[in-house]
Amino acid sequence: MRRTLVTLCLLAAIAGADDRDRLKVGVQPDGRIVVPTNQILSPAGTQVTFPGRPVDLLLVDSGKTLVAKNMRSLEFIDPATGAIRQTLASATPFSANGLLARGDDVLATDTGDHIRVAKKQANGSYAWGKDIAVKKPAKGLAYPTGLARINDSEIFVASSRGNSVQRIDVAS
């Protein structure tokens, strides 16, 4: 009797299974997105896709540009159209948090000991400027994460592995 009950339950489960078990990772014909963890997302609004793993967002240029901090690049996106205007590749990977606008500059924390500075050029594009060093802990790398603006010349940076918050004069 028990074997028959288990068989009937299994057959009912198979018969009731929907297409979720057969979907492949990526965008589906109906607009849903299946992510590698088998979650199914039903997005609202416009989606902008690009390779990588976005970890932070920042609006600059009075809201005319959206900066997405990716694993190894900054993506400059037109929020009105969703078009990617520029991809600024980084030689070092970025940490999960830490994106800040300072005037026309975009500051982004990396996974080492620096804050990368993307400087706005005359033509509106961005190029890497001089990095800002973060004080290293006694052992290992600082791994800067969060950024906060104090005033026009100073910022706070959280050093994850340094277990500290550092005050940095950006001008010097």
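What you see is a predicted model, and the numbers here were worked out from it, not measured in a lab. We number each residue from 1, following the sequence as shown.
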J.: Between Asn70 and Arg53 (side chain of the first, backbone of the second, donor and acceptor by atom type, cut-off under 3.5 Å), is there such a pair?
T.: yes
J.: For a quick check under 3.5 Å, do Thr49 and Gln47 share a side-chain donor-acceptor pair by atom type?
T.: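 No donor-acceptor contact under 3.5 Å links the two side chains.
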J.: Using a 3.5 Å distance criterion without hydrogens, assess whether the side chain of Trp128 forms a donor-acceptor pair with backbone atoms of Ala91.
T.: no
J.: Can a side-chain donor-acceptor contact be found between Ser95 and Asn97 if the only test is distance below 3.5 angstrom?
T.: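 No, Ser95 and Asn97 have no side-chain donor paired with an acceptor closer than 3.5 Å.
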J.: Are Phe94 and Leu57 grouped together when hydrophobic residues (ILVMFWY) are joined by side-chain heavy atoms under 4.5 angstrom apart?
T.: no
J.: Could you walk me through whether Val157 and Val165 pass the side-chain contact (heavy atoms from CB on, under 4.5 Å) test, one step at a time?
T.: CA-CA 6 Å; Val157 59; Val165 174; over 6 Å; no
J.: Are Leu99 and Ile155 linked, directly or through intermediate hydrophobic residues, by side-chain heavy-atom contacts shorter than 4.5 Å (ILVMFWY only)?
T.: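 Different hydrophobic clusters.
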J.: Kindly give the heavy-atom pair with the smallest separation between Glu154 and Asp169, and that separation in Å.
T.: CG-CA, 4.2 Å
J.: Could you tell me whether a side-chain N or O of Gln166 sits under 3.5 Å from a main-chain N or O of Lys135, the two making a donor and an acceptor?
T.: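 Answer holds: yes.
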J.: Would you say Ile132 ends up clustered with Leu100 if hydrophobic residues are merged whenever their side chains have heavy atoms under 4.5 Å apart, either directly or through other cluster members?
T.: yes
J.: On a heavy-atom basis, which atom in Ser73 and which in Ala89 lie closest, and how many Å separate them?
T.: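 Result for this residue pair: CB-CA, 3.9 Å.
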J.: Flag the pair Ile115 / Asp131 as yes when at least one side-chain heavy-atom distance between them is below 4.5 Å, and no otherwise.
T.: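 Ile115 vs Asp131: side chains apart.
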J.: Are side-chain heavy atoms of Arg167 and Ile150 found at a separation under 4.5 Å?
T.: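 Yes, close enough: below the 4.5 Å cut-off.
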J.: Within the side chain of Asp113, is there an N or O that forms a donor-acceptor pair under 3.5 Å with the backbone of Ala142?
T.: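 It does hold such a pair.
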J.: For Ser90 and Thr92, which heavy atoms make the closest approach, and how far apart are they?
T.: OG-O, 2.6 Å
J.: Are the side chains of Arg32 and Ser42 in contact, using a 4.5 Å heavy-atom criterion?
T.: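 Sidechains of Arg32 and Ser42: in contact.
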J.: Answer yes or no: are there more than 12 heavy-atom neighbours, outside Asn151 itself, under 6.0 Å from its atom CG?
T.: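 Enclosed: over 12 neighbouring heavy atoms sit under 6.0 Å from CG of Asn151.
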J.: Tell me the closest heavy-atom pair linking Gln121 and Ala127, and the distance in Å.
T.: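 Smallest interatomic distance, heavy atoms only, reads NE2-CB, 3.6 Å.
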J.: Answer yes or no: is there an ion pair linking Arg116 with Asp110, defined by an N-O contact shorter than 4.0 Å?
T.: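 Not counted as a salt bridge, because no side-chain N and carboxylate O are separated by less than 4.0 Å.
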J.: What do the steps show when you test Asp61 against Lys120 for salt bridge (Lys or Arg N to Asp or Glu O under 4.0 Å), and what is the final call?
T.: CA-CA 10 Å; Asp61 299 332; Lys120 189 171 185 181; 2.9 Å; yes
J.: What about Phe50 and Leu66, same hydrophobic cluster or not, with Ile/Leu/Val/Met/Phe/Trp/Tyr joined at side-chain heavy-atom distances under 4.5 Å?
T.: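 Yes; Leu66 is reachable from Phe50 via cluster members.
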J.: Using a 4.5 Å cut-off on heavy atoms from C-beta on, say whether the side chain of Leu88 contacts that of Phe76.
T.: yes
J.: Is any side-chain heavy atom of Val117 closer than 4.5 Å to one of Lys119?
T.: yes
J.: Answer with yes or no whether the side chains of Lys69 and Thr109 bring together a donor and an acceptor at under 3.5 Å.
T.: yes
J.: Say you draw a straight line from OG1 of Thr111 to CE of Met71; how long is it, rounded to the nearest 0.5 Å?
T.: 11.5 Å
J.: I need the minimum non-hydrogen distance between Asp56 and Gly98, along with the two atoms involved.
T.: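 Answer, listing the atom of Asp56 first, then Gly98: OD2-N, 3.1 Å.
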J.: I'd like to know if the side chain of Gln86 and the backbone of Tyr126 have a donor-acceptor N/O pair within less than 3.5 Å.
T.: yes
J.: Has Gln28 got a side-chain atom pairing as donor or acceptor with Gly26's backbone, closer than 3.5 angstrom?
T.: yes
J.: Check for a donor-acceptor pair, side chain of Arg102 on one end and backbone N or O of Asp152 on the other, with a separation under 3.5 Å.
T.: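 Flag set: sc Arg102 to bb Asp152 pair under 3.5 Å.
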J.: Thr65 and Arg85: which non-hydrogen atoms are nearest, and at how many Å?
T.: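 What the structure gives for the nearest pair is OG1-NH1, 2.5 Å.
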J.: Are Ile84 and Leu74 joined in one hydrophobic group, where the rule is that I, L, V, M, F, W and Y side chains link up if heavy atoms are under 4.5 Å apart?
T.: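 Different clusters: Ile84 never reaches Leu74 through Ile, Leu, Val, Met, Phe, Trp or Tyr contacts under 4.5 Å.
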